[in-house]
Visitor: 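My structure is below; once you've seen it, I'll send some questions.
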Amino acid sequence: MKYGFHCLMGVIYLCVTNEILEEYEEILEEKASHEFAILAINVITNNPHTIFVTPYYRFHLIKADPDDNKFVDCAVAGNAKFIVTEDHHYNILAEIDFPKVDVIKLDEMLDRI
């Protein structure tokens with residue numbers, strides 16, 4: 001899974017869109033169950049550290065897997081500091097100056113917390 005994070009006054013926020021929540025729900029249903037997916041989505045949507053974002057522009061920066069662009073667009077629109085993912089498709093973002101979106105691995109995120 002991919003996560004876009006925004007840090008404001010020392011608090012880490014999760015940036016999401018409706019499209020991202022739909023993907024999370026789909027994956028969680030496949031990996032666990034429908035009931036678990038609904039519970040997890042409710043936790044995300046009701047969390048005071050979740051920022052709901054509406055991207056008004058699509059950058060199409062990831063050509064290898066265009067479906068991943070929803071996370072980049074969310075990160076840009078939400079002014080996220082970085083995206084947390086192990087997905088190698090995001091490596092291309094290191095070569096792009098604008099919009100600048102940093103990518104970190106899960107281990108690095110855990111070290112930051």
Side-chain angles (χ1 to χ4, degrees):
M1 294 185 112
K2 300 113 185 142
Y3 307 93
F5 289 93
H6 176 79
C7 187
L8 184 63
M9 295 173 42
V11 178
I12 297 173
Y13 291 88
L14 174 65
C15 300
V16 296
T17 64
N18 288 333
E19 189 178 14
I20 288 171
L21 290 174
E22 289 169 5
E23 181 168 321
Y24 287 173
E25 184 176 351
E26 181 182 317
I27 291 169
L28 291 168
E29 282 181 357
E30 290 174 10
K31 303 281 183 191
S33 68
H34 176 73
E35 293 77 16
F36 179 80
I38 296 300
L39 178 63
I41 296 302
N42 284 336
V43 167
I44 293 170
T45 58
N46 292 307
N47 188 316
H49 298 133
T50 298
I51 298 175
F52 291 88
V53 176
T54 303
Y56 290 101
Y57 186 81
R58 307 288 182 193
F59 288 95
H60 305 287
L61 300 178
I62 300 177
K63 308 290 188 221
D65 187 355
D67 195 45
D68 285 342
N69 283 303
K70 69 173 138 285
F71 297 96
V72 177
D73 296 336
C74 176
V76 172
N79 197 30
K81 177 104 174 119
F82 46 79
I83 294 174
V84 179
T85 184
E86 299 291 327
D87 187 333
H88 68 279
H89 292 138
Y90 290 82
N91 294 347
I92 190 70
L93 297 177
E95 301 171 19
I96 297 171
D97 292 329
F98 181 84
K100 189 63 182 159
V101 179
D102 291 325
V103 177
I104 65 172
K105 305 288 185 198
L106 184 56
D107 288 344
E108 185 178 345
M109 176 64 184
L110 293 174
D111 288 342
R112 290 180 183 218
I113 298 179

Visitor: Please identify each residue that fulfils side-chain contact (heavy atoms from CB on, under 4.5 Å) with Ser33, with sequence neighbours left out.
Guide: Glu35, Phe36
Visitor: Carefully, step by step, assess Leu14 and Asn47 under the rule side chain to side chain contact (heavy atoms under 4.5 Å, CB included).
Guide: CA-CA 9 Å; Leu14 174 65; Asn47 188 316; over 6 Å; no
Visitor: Measure the CG-OG1 distance between Asn18 and Thr45 for me, rounded to the nearest 0.5 Å.
Guide: 10.0 Å
Visitor: To the nearest 0.5 angstrom, please state how far the CD atom of Glu25 sits from the NE2 atom of His34.
Guide: 6.5 Å
Visitor: Quick one: CD on Glu22 to CD1 on Ile41, what's the gap to the nearest 0.5 Å?
Guide: 9.5 Å
Visitor: Glu86 and Asp107: which non-hydrogen atoms are nearest, and at how many Å?
Guide: OE2-N, 4.3 Å
Visitor: Are Val103 and Ile96 linked, directly or through other ILVMFWY residues, by side chains that come within less than 4.5 angstrom of each other?
Guide: yes
Visitor: Is it possible for you to say whether Phe71 and Phe98 belong to one hydrophobic cluster, with membership spreading through side-chain heavy-atom contacts below 4.5 Å?
Guide: yes
Visitor: First locate atom CD of Glu95, then atom CG of Leu61, and finally report the distance between them rounded to the nearest 0.5 Å.
Guide: 11.5 Å
Visitor: Please report the closest heavy-atom contact between Ile12 and His49, naming both atoms and the distance.
Guide: O-CB, 3.7 Å
Visitor: Side-chain heavy atoms under 4.5 angstrom apart, residues restricted to Ile, Leu, Val, Met, Phe, Trp, Tyr: same cluster for Leu28 and Ile38?
Guide: no
Visitor: Is Lys100 atom NZ crowded by more than 12 heavy atoms from other residues, nucleotides or ligands, each under 6.0 Å away?
Guide: yes
Visitor: Run the side chain to side chain contact (heavy atoms under 4.5 Å, CB included) test on Ile83 and Val72 for me, step by step, so that the C-alpha distance in whole Å, both residues' side-chain angles and the decisive distance to 0.1 Å come before the verdict.
Guide: CA-CA 8 Å; Ile83 294 174; Val72 177; 4.2 Å; yes
Visitor: Can you name the closest pair of heavy atoms from Thr17 and Val53 and give their distance?
Guide: CG2-O, 3.3 Å
Visitor: Kindly compute the distance separating SG (Cys15) from CZ (Phe82), expressed to the nearest 0.5 Å.
Guide: 10.0 Å
Visitor: Closest heavy-atom contact between Val101 and Leu93?
Guide: O-CB, 3.7 Å
Visitor: Residues in salt bridge (Lys or Arg N to Asp or Glu O under 4.0 Å) with Glu26, at least two apart?
Guide: none
Visitor: What pairs with Asp111 under side chain to side chain donor-acceptor pair (under 3.5 Å), at least two apart in sequence or on another chain?
Guide: none
Visitor: Could you tell me the separation between the CG atom of Asp65 and the CD1 atom of Ile92, rounded to the nearest 0.5 Å?
Guide: 13.5 Å
Visitor: Is the side chain of Tyr24 donor-acceptor paired with the backbone N or O of Ala40 at a distance under 3.5 Å, no angle test?
Guide: no
Visitor: Only one of Asn42, Thr50, Val43 clears side chain to side chain contact (heavy atoms under 4.5 Å, CB included) with Asn46; which?
Guide: Asn42
Visitor: Checking the side chain of Asp73 only, and the main-chain atoms of Phe59 only, is there a donor and an acceptor separated by less than 3.5 Å?
Guide: yes
